[in-house]
Number of protein chains: 2
Amino acid sequence: MKQFTRVMKALSDPNRVRVLKLLQRENLCVCNIQEFLKLAQSTVSRHMKTLEDAGLVEHERQGTWIIYRLTDNQESVYGAAMLAHLENWLEDDKELEQMRLKRDQVIENTKLCIT
Amino acid sequence: MKQFTRVMKALSDPNRVRVLKLLQRENLCVCNIQEFLKLAQSTVSRHMKTLEDAGLVEHERQGTWIIYRLTDNQESVYGAAMLAHLENWLEDDKELEQMRLKRDQVIENTKLCIT
DNA sequence: TTTATATATCGCAATATGGCGATATATAAA
DNA sequence: TTTATATATCGCCATATTGCGATATATAAA
C-alpha cells in the first residue's frame, strides 16, 4: 500500500510529471531540468528526490553533474506501469508543449549538459 | 494535466485506495464505508467527494442512503486505466485483508445497507 | 590549496491536506 | 408537522507539501 501511494503521490504534482515527460526524450542533469521548468534549483532537487524515492527515476554522477533518467528495471510494478502509461499519456498537452519549446531553444544554444 | 494529477492525488491517500478496493466487491453506502474504515462520517464524505471529482466513483441515492460505486463508463482514460489496474493490484495487501474481515463481520450481522 | 560549478540540504512562509465534531440538509417514517 | 437516519458541509487544528533563498557538500580545474 505504502509503495503504491508513494508512486501516486509522486505523480500528483504537475512539475514532477513534467520532469518525467522530459526524461522520456533524454536523460538530464538537474540544472537543465531547472531551466526547462523555471524552478529554483533546491525545488528541483527535492522533486527529484521524491521521484527517486518512488522508484520512478534513478541518477548517476558524471563529474559535477547528476544525470537523472527514468528507471529501466523497476523493482516496483506500480512505477513500471505508470512510466509505461506516461509514454502515451499527455502527449498532446499544451503546457508540456511549451516546455519542450524551451528545451529545443536550450539545445540550439548547446547548453545541454548531456548531448 | 490537471485531470491526470487529480486522479493521481485521489489515489495517493491510503484510505481512499481502501474505499476503491472495497467498492470492487460491492457498491456501498457511506455509513458502511465509515464502519469498515473506522473514520468519522464527515471524513469519509470528503474522501468520497475527492474520488468522485477525480471521476473514479459515482453515486446514486436510494432513500436516505447514498450508494457509491466505481465509475463504469469513464470519461477519463486515466481513471479507467487506474481502476483496471486496481482490480489486480494490492490483492494480497495485509491491511486490506483486515478491512475485509471487518466487512465480513458486518455482513454476518446483516448491517450492510445494500445486500 | 583555492576557486568555480553542480547538487543536496536546511529553514522559512504560504498553502493544501486530512482528521475531527458540530451543524445543515434531505429523505422516510410516525 | 415532528422525529429519526443518512449524508454533506463548515470550522478548526495538526501536519504535509511546495515554493524560495541560504548554506553545506562534492567534484573539477587552476
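Only heavy atoms go into these numbers, but all of them, side chains included; no hydrogens, no water, no symmetry mates. Lettering follows sequence order; numbering is per chain, from 1.
Atom CD in A/Gln34 sits about 8 Å away from atom P in C/dT7, given to the nearest Å. If you take CE of A/Met48 and P of C/dA8, they are 8 Å apart, rounded to a whole angstrom. Summarising the geometry, the separation between CG on B/Leu28 and P on D/dA6 is reported as 14 Å, rounded to the nearest angstrom. Atom CG in B/Asp53 sits about 13 Å away from atom P in C/dG18, given to the nearest Å. At whole-Å resolution of the value, CD1 in B/Ile33 and C1' in D/dT7 are 11 Å apart. Protein atom CD of B/Glu52 is 8 Å distant from nucleotide atom P of D/dA8, rounded to whole Å. As rounded to whole Å, 11 Å separates atom P of D/dT18 from atom CG of A/Leu39. Protein atom CH2 of B/Trp65 is 18 Å distant from nucleotide atom C1' of D/dA8, rounded to whole Å.
Rounded to 10 degrees, the angle separating the terminal helix axes of the helix from C/dT1-D/dA30 to C/dA30-D/dT1, each built from five base pairs, is 10°.
Between A/Phe36 and A/Met99, the shortest heavy-atom contact is O-CG, 3.8 Å. Across every non-hydrogen atom of B/Ala10 and B/Leu56, the tightest pair is CB-CD1, 4.0 Å.
The side chain of B/Thr43 contributes an N or O atom lying less than 4.0 Å from OP1 or OP2 of C/dC20. A close approach under 4.0 Å does occur between a side-chain nitrogen or oxygen of B/Tyr68 and OP1 or OP2 of D/dA8. For B/His59 and D/dT7, the shortest distance from a side-chain N or O to OP1 or OP2 is not below 4.0 Å.
For the side chain to side chain contact (heavy atoms under 4.5 Å, CB included) test with A/Tyr68, the passing option among A/Val19, A/Val30, A/Asn27 is A/Val30; the others fail.
The side chain of A/Val30 lies closest to C/dT7, out of C/dT9, D/dT9, C/dT7. Nearest nucleotide to the B/Ser42 side chain, out of C/dG21, C/dT7, C/dT9: C/dG21. Comparing D/dT9, C/dA8, D/dG19 by their nearest atom to the side chain of B/Lys49 picks out D/dT9. Closest to the B/Arg46 side chain, of the nucleotides D/dA8, C/dG18, D/dC20, is C/dG18.
The pair A/Lys21-A/Glu91 counts as a salt bridge, with a side-chain nitrogen and a carboxylate oxygen less than 4.0 angstrom apart. Ion pairing between B/Arg103 and B/Glu35 fails under the 4.0 Å rule for side-chain N and carboxylate O. A salt bridge between B/Glu26 and B/Arg69 is absent, with no side-chain N of the basic residue lying under 4.0 Å from a carboxylate O of the acidic one. With respect to B/Asp53 and B/Lys49, a salt bridge is recorded, a charged nitrogen being found less than 4.0 Å from a carboxylate O.
As judged by a 4.0 angstrom heavy-atom cut-off over every strand, B/Arg61 is placed among residues touching the sugar-phosphate backbone only.
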Inset, instruction - Begin from the C-alpha positions of A/Leu37 and A/Leu22 and carry the test side chain to side chain contact (heavy atoms under 4.5 Å, CB included) through to its verdict. - result: CA-CA 10 Å; A/Leu37 269 64; A/Leu22 278 170; 3.6 Å; yes

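Toward the 5′ end of DNA chain D lies the nearest nucleotide of A/Gln41, the other residue of the pair A/Gln41 and A/Thr64 mapping further downstream.
Annotation: B/Gln24, atom CD; neighbour count of heavy atoms from other residues, nucleotides and ligands within 6.0 Å is above 12.
Within residues 4-16 of chain B, the residues approached by DNA chain C to less than 4.0 Å at the level of any non-hydrogen atom are B/Lys9, B/Asp13, B/Asn15, B/Arg16, in residue-number order.
Judged by distance alone, the side chain of A/Ser12 and the main-chain N or O of A/Lys9 form a donor-acceptor pair under 3.5 Å.
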